[in-house]
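Shown next, in structure tokens, is the structure this report addresses.
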Amino acid sequence: MQDESMAEHRKIETDGEAIHVLRFDLEHKEFELRITDRDSLELHLDGCLRKRSETEESRVLYVWTNIELDWENHRFVEARFNCDTRHLSVTVNRNEVFAGKLG
């Protein structure tokens, strides 16, 4: 399931490398996923790198973080990217908010 209202997707070129950037709004917080052509997956929260996964570890990259919105109000964000199929899946509290193949 892909919810267009939850994700803004753009592709940028930097130093000869293509980077897919997906931005998600989560109440008053913003998180962003960056996937490179060199097969790395990064999760940024409010502009700061929180997690990074690279292909040295696995062909399926995984990042996660816990986001506190208000007092004791948390969201668990997970992203999985399959380097072979180029499929990305993003969940918030185990509910899929984005699933799709990146070119």
Could you list the residues that satisfy side chain to side chain contact (heavy atoms under 4.5 Å, CB included) with R10, not counting sequence neighbours?
E8, I12, V21, R23, E32
Using the rule that Ile, Leu, Val, Met, Phe, Trp and Tyr join whenever any side-chain heavy atoms are under 4.5 Å apart, tell me whether F98 and V60 fall into a single cluster.
no
Would you say the side chain of V90 lies within less than 4.5 Å of the side chain of L33, judging by non-hydrogen atoms?
yes
Side chains of N66 and R50: does their closest heavy-atom pair fall under 4.5 Å?
no
Walk me through it: do L88 and I35 pass the test side-chain contact (heavy atoms from CB on, under 4.5 Å)?
CA-CA 9 Å; L88 173 69; I35 300 102; 4.0 Å; yes
To the nearest 0.5 Å, what is the distance between CG (L102) and CZ (R86)?
7.0 Å
With the side chain counted from C-beta on, respond yes when Y62 and F81 share a heavy-atom pair under 4.5 Å apart, and no when they do not.
no
Salt bridge (charged side-chain N to carboxylate O under 4.0 Å, His left out) partners of E13, counting only residues at least two apart:
none
Heavy-atom side-chain proximity of H44 to F31 below 4.5 angstrom
no
E27: partners by side chain to side chain contact (heavy atoms under 4.5 Å, CB included), with sequence neighbours left out
L69, D70, N73, R75
Do V63 and R52 make a side-chain contact, defined as non-hydrogen atoms from C-beta onward lying under 4.5 Å apart?
no
Between the NZ atom in K29 and the CD1 atom in I67, the distance rounded to the nearest 0.5 Å is 8.0 Å
Partner set under side-chain hydrogen bond (donor to acceptor under 3.5 Å, both in side chains) for K11, not counting sequence neighbours
none
Does some side-chain heavy atom of F76 sit less than 4.5 Å from a side-chain heavy atom of V92?
no
Any side-chain donor near an acceptor of the partner, S89 and R80, under 3.5 Å:
no
If you draw a 6.0 Å radius around CZ in R38, do more than 12 non-hydrogen atoms from other residues or ligands fall strictly inside?
no
Min side-chain heavy-atom separation W64-V77 under 4.5 Å:
no
Quick one: side chain to side chain contact (heavy atoms under 4.5 Å, CB included) partners of T85, sequence neighbours excluded?
N82, H87
Check whether any side-chain heavy atom of C83 sits under 4.5 Å from a side-chain heavy atom of L61, and report yes or no.
yes
Considering residues at least two apart in sequence or located in another chain, which fulfil the side-chain hydrogen bond (donor to acceptor under 3.5 Å, both in side chains) criterion with D37?
none
Output for pair (L41 CG, T36 OG1), nearest 0.5 Å, gives 9.0 Å
